[in-house]
Amino acid sequence: MPVEIKDMTFDKVAPGPVAVRVYQGADYAKGAPVLLYFHGGAFRETGLRHCPLAECIASTGAIVAVPDYNASGSVFPEPLEVGFSIFSYLAKKRAGLGDRKSPLLVGGEEAGGNIAAGVALKARDHFADELDGQVLLSPLLDPFMATQSFSKAGTGMRERWSGGWSHYLSAGVCHPYAAPSLCSRLASLAPALVLSSADDPLLDETLGYAARLTEAGVAVRQHVLPAGTGWPGIYGGTFNGAGPWSDILADRFCGFAQDIRIH
């Protein structure tokens, strides 16, 4: 399905106006899923850039809003608070996106997956009935960076993530919302779609979090793409297009959205 892309501003959110890029399936139906999606970038990327994963998901008929969530500050808790404020606004008003029958989800890749997981935790604590699902695409969740798959990351990538974590946690606080992999309370969270790939340095922490969600009674759909699909290339930087992973992601998102509607 063709995707329409437009830039807009959410004016009525607590931190002040936030720039948002909206990806919308051209032929989206009534009750289309609304996904608040946080881009990657090792906790530091700002601005509205093209997001291939958001476009891929929108091609299924979803409405995907990607905010510039780091614009007012990229150290915890500012990005999380911006994300949660936008979620709260969409939960109440939808900001012209979707309609009353539209399920509301949060999602993101890499550092954005961390923000999405943190928003889901806070939503559970404050708006338990408003969040319908979370889409975690190779989320960056573990500040200790000690998994076996992480050790296979190239030097440049390890330095990028290490510097990103140091920056994000530089206020000296390691709250569960900041590092969801360390959270001891995962029960009653929104259902999760979790994706990674066999050659992804974030594979182990992604699957580890999915396992803990499942143990806590959270409904989880997980999928590991085979090596060679280009999935690790989603981590911001100069990556600007789709890959062999796109059809799989679209299919898994459609199945997840259908599950949410049934339940």
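This is a predicted model, so every value here is computed, not measured. Just so you know, these numbers use all the heavy atoms, side chains as well, and skip hydrogens, waters and symmetry mates.
- The minimum heavy-atom distance linking S102 with A32 is given by the pair OG-O, 2.8 Å.
- Rounded to the nearest 0.5 angstrom, S162 OG and H167 NE2 are separated by 13.0 Å.
- When all heavy atoms are compared, the tightest approach of F256 to P191 is CZ-O, 3.4 Å.
- When side chains are defined from C-beta on, S149 does not count as touching D200, because their heavy atoms never get closer than 4.5 Å.
- Between the side chain of R158 and the backbone N or O of M145, no donor-acceptor pair lies under 3.5 Å.
- Closest approach of A65 to V20, counting heavy atoms only: CB-CG1, 3.8 Å.
- Here I57 contributes atom CD1 and L249 contributes atom CG; the two are 5.0 Å apart, rounded to the nearest 0.5 Å.
- Contact detail for A116 and V106: the closest heavy-atom pair is O-CG2, 3.6 Å.
- Here the CH2 atom belonging to W165 is positioned 5.0 Å from the CG atom belonging to L140, to the nearest 0.5 angstrom.
- Between the side chain of E110 and the backbone N or O of G41 there is at least one donor-acceptor pair closer than 3.5 Å.
- The two atoms that bring G31 and D99 nearest to each other are N-OD2, 2.8 Å, heavy atoms only.
- Using a 4.5 Å heavy-atom threshold, the side chains of W231 and S138 count as touching.
- The line from CG of L225 to OG of S196 is 8.0 Å long, rounded to the nearest 0.5 Å.
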Return a table of donor-acceptor pairs under 3.5 angstrom between the side chains of residues 126-133 and protein atoms on other chains or two or more places apart.
from	atom 1	to	atom 2	distance (Å)
D132	OD2	L104	N	2.7

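- The two residues S197 and P232 come nearest to each other via the heavy atoms OG-CD, 3.9 Å.
- By the rule that hydrophobic residues join a cluster once side-chain heavy atoms approach within less than 4.5 Å of another member, Y37 and I248 end up as members of one cluster.
- For the pair P201/W161, a side-chain contact is recorded, criterion being any heavy-atom separation below 4.5 Å from C-beta on.
- Every residue two or more places apart in sequence or in another chain that forms a salt bridge (Lys or Arg N to Asp or Glu O under 4.0 Å) with E81 is listed here: K122.
- Q222 has its side chain out of reach of T206: every pair of non-hydrogen atoms, C-beta onward, lies at least 4.5 Å apart.
- The backbone N or O of G40 sits less than 3.5 Å from a side-chain atom of E109, completing a donor-acceptor pair.
- Hydrophobic clustering (side-chain heavy atoms under 4.5 Å, transitive across Ile, Leu, Val, Met, Phe, Trp, Tyr) groups Y69 together with Y89.
- In this structure, the separation between CZ on F87 and CG on L105 is 10.0 Å, given to the nearest 0.5 Å.
- In the hydrophobic cluster analysis, where Ile, Leu, Val, Met, Phe, Trp and Tyr join through side-chain heavy atoms closer than 4.5 angstrom, V224 is grouped apart from L136.
- Residues Y168 and P143 form no side-chain contact, since every pair of their non-hydrogen atoms from C-beta on lies 4.5 Å or further apart.
- Linking ILVMFWY side-chain heavy atoms closer than 4.5 Å, directly or via other members, places L48 and L97 in two distinct hydrophobic clusters.
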Side-chain donor-acceptor pairs of residues 173-185 under 3.5 Å, sequence neighbours excluded:
from	atom 1	to	atom 2	distance (Å)
H175	ND1	Y177	N	2.9
Y177	OH	D125	OD2	2.5
S181	OG	L141	O	2.8
R185	NH2	D125	OD1	3.2

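- Applying the salt bridge (charged side-chain N to carboxylate O under 4.0 Å, His left out) test to pairs two or more places apart or on separate chains, those with a residue in residues 1-14 are D7-R21.
- Contact check for N114 versus P139: no side-chain heavy atoms found under the 4.5 Å cut-off.
- Taking CZ of F10 as the reference point, atom CG of D68 lies at 12.5 Å (rounded to 0.5 Å).
- Residue pairs that meet the salt bridge (charged side-chain N to carboxylate O under 4.0 Å, His left out) test with at least one member in residues 201-229, sequence neighbours left out, are R221-D259.
- Side-chain atoms of F43 and S74, non-hydrogen and from C-beta on, never get closer than 4.5 Å to each other.
- Residues H39 and R49 have side chains not in contact (no heavy-atom distance under 4.5 Å, counting atoms from C-beta outward).
- Within the structure, the salt bridge (charged side-chain N to carboxylate O under 4.0 Å, His left out) test picks out no pair touching residues 165-177 (sequence neighbours left out).
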